[in-house]
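Throughout, protein chains are lettered first and strands after them, A, B, ... in sequence-line order, and every chain is numbered starting at 1. Everything quoted here is computed from the prediction, not taken from an experiment.
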2 protein chains.
Amino acid sequence: MTQPDDISPLALNRISVYLRCLRHLQTEGVSRIASQEMARRFHLSASQIRKDLAYFGEFGIRGVGYDVAHLRERLERLLGIQREHPAIIIGAGNIGTALALFPGFHSGNFRIVAVFDNDPNKVGTQLADVTIRDSHELAAGVAETGAEIAILAVPAEVAQENYQALVDAGIKSVLNFAPVQLELAPEVRVKTVDLLIFMEELAYFLQ
Amino acid sequence: MTQPDDISPLALNRISVYLRCLRHLQTEGVSRIASQEMARRFHLSASQIRKDLAYFGEFGIRGVGYDVAHLRERLERLLGIQREHPAIIIGAGNIGTALALFPGFHSGNFRIVAVFDNDPNKVGTQLADVTIRDSHELAAGVAETGAEIAILAVPAEVAQENYQALVDAGIKSVLNFAPVQLELAPEVRVKTVDLLIFMEELAYFLQ
DNA sequence: GATTGTGAATAGATTCACAGCT
DNA sequence: AGCTGTGAATCTATTCACAATC
């Protein structure tokens, strides 16, 4: 399997989008699809689909198109989601709780294996499949569960220190919901989801 | 005020980031800042800051830098968030509820003025500042409140129909949390936030 | 005949480097 | 002296168009 690590974030996002489309097609019983038809159905660009896919290997059949099931499997392996990824959530507030209950993660082969909070009233209570644990047990929890991905859902003021705790615990990737510019550790990948930035983008186009 | 509408989404996102940085600087009492210092503090590119800002007008003072308060005000006006934007939420499930309670919106000059759900058990109950209303009252609610932005937080299966209802009700921008490729109406701007795509991006880099 | 895979062409975004202000 | 604003240069991404393949 080709596995270039210089893929652009844009192309990587598109791979995820293609995967979502393929899953959808599969539920409809479509077994083969051409780039043009896929572009039409999901409002994408046919030449871009071909270029993106060809970049990782020749997945298609000329004159025919792409095999939906096969391509799906290849893309899942490419993204590394052919196996289940254990993930943890830090912060059982509104957003952390909503994410713990989010059904989409299951379908994407991610599983929430632990939730941490520093509020003694929350520690010990049940949330989705897990019991909320004290934040002090973070390092132990990460070691036990083998979690590599963490979802950081704590208030902005304490995001940096919690991020540092995750880094120290050996987490490799962080999805951050706190609206702050984190001081990053070089070996830990961070993706920040800033709702306010999305809203501001929408506000701009209202004018 | 320069107001080109051909600004790239990338540049627009950066403007939001600059704004976040400026607010932070203001709380620290910094009144003037140079592009280089700002780049260093927040891990940005100095020449890009200058280019982005210059694109909308000459906001800086040569030899000195940028006036924090003044620049902040200009950027807020540029994004159209100098006035408060009423927003509504469709779907009072986990994510909708978390967003209704999200304190960040207040600081960004957005206000949740109504929440809609189709579950009779939820309709009539209080959530944050508002009483949850029945989804059938959507059009009336939008008209009453003057809401222009909607947050779509319903299950994937019903996202398309709810989106259509928003379009019909006269909403101009939608922040969509359902992991689907919506069939878009040309006059309504949509920004989709797909948590699974973020997770998949992180998973890729674990390899 | 149809569709992929791909080099060439175009378009877009970022960085460089320095003239122009304060 | 120091920093912005900006044209030129570079780098990156997308689209085009067609030869290669089934």
Rounded to the Å, how far apart are B/Glu58 CD and D/dT6 P?
-> 5 Å
Does a side-chain N or O from A/Ser8 land closer than 4.0 Å to OP1 or OP2 of D/dA13, or not?
-> yes
Do the side chain of A/Lys51 and the base of D/dT15 come within less than 3.5 angstrom through a donor-acceptor pair of N or O atoms?
-> yes
How many Å lie between CZ on B/Arg50 and P on C/dT14, as a whole number?
-> 15 Å
Any A/Ser45 side-chain N or O less than 4.0 Å from OP1/OP2 of D/dT14 | no
Does B/Tyr66 make a side-chain N or O approach to OP1 or OP2 of D/dG5 shorter than 4.0 Å?
-> yes
Quick one: is A/Ser47 getting a side-chain N or O under 4.0 Å of the D/dC16 phosphate, OP1 or OP2?
-> no
Within 6.0 Å of CD in B/Gln26, more than 12 heavy atoms from elsewhere = yes
When you check the side-chain N and O atoms of A/Tyr163 and A/Asn176, is any donor under 3.5 Å from an acceptor?
-> no
Base, sugar-phosphate, or nothing: which does A/Arg14 touch, judged by heavy atoms less than 4.0 Å apart?
-> sugar-phosphate
Rounded to whole angstrom units, what separation is found between the CG atom of A/Asp52 and the P atom of C/dG5?
-> 12 Å
Sort and list the pairs that fulfil salt bridge (charged side-chain N to carboxylate O under 4.0 Å, His left out) and have at least one residue in residues 86-114 of chain B, not counting sequence neighbours.
-> B/Glu84-B/Arg111
